[in-house]
Undergrad: 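I have a structure I would like to understand better, so I am pasting it below and will then ask my questions one at a time.
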Amino acid sequence: MVDVGGPRVACHIDGLLAQREMTLTQLSERVGVSLANLSVLKNNRAKAVRFTTLLALCEVLECQPGDLFSVVR
């Protein structure tokens with residue numbers, strides 16, 4: 001993500017996947033989101049996330065939205 005000097009939202013999919021011994025490909029299959037779109041999210045290049053995608057990620061990863069994202073100042 002380009003640093004514009006202000007706060008940004010950071011995605012923590014990598015850590016959650018490692019804790020669950022799951023690959024991004026497995027997550028993609030279970031959530032129903034393309035690998036390319038998950039990669040954009042994982043690499044902090046996404047500009048938005050649909051609530052349906054967020055809900056599916058939380059269900060599959062058994063987590064809360066705050067586990068997936070944090071604000072970095």
Side-chain angles (χ1 to χ4, degrees):
M1 170 171 234
V2 176
D3 185 10
V4 292
R8 64 180 180 88
V9 175
C11 183
H12 307 292
I13 286 180
D14 273 341
L16 292 168
L17 288 174
Q19 290 172 358
R20 287 149 181 81
E21 298 180 350
M22 185 184 300
T23 66
L24 195 62
T25 301
Q26 290 170 325
L27 181 62
S28 172
E29 292 168 355
R30 293 178 189 176
V31 172
V33 173
S34 74
L35 190 56
N37 284 339
L38 284 181
S39 291
V40 167
L41 187 62
K42 177 180 84 87
N43 293 312
N44 295 306
R45 293 190 316 259
K47 295 183 181 186
V49 179
R50 292 179 186 211
F51 282 137
T52 54
T53 300
L54 180 59
L55 179 58
L57 287 168
C58 288
E59 286 181 358
V60 170
L61 294 172
E62 298 179 350
C63 68
Q64 294 293 314
D67 299 324
L68 278 168
F69 301 103
S70 64
V71 175
V72 178
R73 299 189 191 286

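What you see below is based on every heavy atom in this structure, not just the backbone, and it leaves out hydrogens, waters and symmetry mates.
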Undergrad: Quick one: pull up CD in E21 and CD in Q26 and give me the separation to the nearest 0.5 Å.
TA: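 If we round to the nearest 0.5 Å, E21:CD and Q26:CD are 10.0 Å apart.
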
Undergrad: What heavy-atom pair brings C11 and L41 nearest, and what distance separates the two atoms?
TA: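 Looking at all heavy atoms of both residues, the shortest contact is CB-O, 3.4 Å.
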
Undergrad: Starting from the C-alpha separation in whole Å, work towards a yes-or-no answer on side-chain contact (heavy atoms from CB on, under 4.5 Å) for C58 and L54.
TA: CA-CA 6 Å; C58 288; L54 180 59; 4.2 Å; yes

Undergrad: Is it true that F51 and L68 fall in one hydrophobic cluster, defined by side-chain heavy atoms closer than 4.5 Å?
TA: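 Same cluster: F51 reaches L68 through Ile, Leu, Val, Met, Phe, Trp or Tyr contacts under 4.5 Å.
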
Undergrad: Does some side-chain heavy atom of N44 sit less than 4.5 Å from a side-chain heavy atom of F69?
TA: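 Of all side-chain heavy-atom pairs linking N44 with F69, none is under 4.5 Å.
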
Undergrad: Can you check whether H12 reaches S70 side chain to side chain, under 4.5 Å on heavy atoms?
TA: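 A side-chain contact exists here, since the closest heavy-atom pair is under 4.5 Å.
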
Undergrad: If every non-hydrogen atom of S28 is compared with every non-hydrogen atom of S34, which pair is closest and at what distance?
TA: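 Reported closest heavy-atom pair: OG-C, 3.6 Å.
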
Undergrad: Check whether any side-chain heavy atom of C63 sits under 4.5 Å from a side-chain heavy atom of L16, and report yes or no.
TA: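 Yes. Closest side-chain heavy atoms under 4.5 Å.
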
Undergrad: Linking I/L/V/M/F/W/Y whenever their side-chain heavy atoms sit closer than 4.5 Å, directly or via other members, would L55 and L57 fall into one cluster?
TA: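 Per the 4.5 Å side-chain linkage, L55 and L57 are not co-clustered.
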
Undergrad: In this structure, would L35 and I13 fall into the same cluster of hydrophobic residues linked by side-chain contacts under 4.5 Å?
TA: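 Cluster IDs for L35 and I13 match.
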
Undergrad: So, do L61 and L17 sit near enough that their side-chain heavy atoms are less than 4.5 Å apart?
TA: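 They are in contact (side-chain heavy atoms under 4.5 Å apart), so the answer is yes.
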
Undergrad: Hey, does the side chain of D67 reach the backbone of Q64 with a donor-acceptor pair shorter than 3.5 angstrom?
TA: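 Checking the backbone N and O of Q64 against the side chain of D67, a donor-acceptor pair under 3.5 Å is found.
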
Undergrad: Taking C-beta and beyond as the side chain, do M22 and R30 meet within less than 4.5 Å on heavy atoms?
TA: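 The answer is yes, as the side chains (C-beta and beyond) meet within the 4.5 Å cut-off.
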
Undergrad: With rounding to the nearest 0.5 angstrom, report the NZ to CG distance, K42 to D14.
TA: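 So the gap between those two atoms works out to 4.0 Å.
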
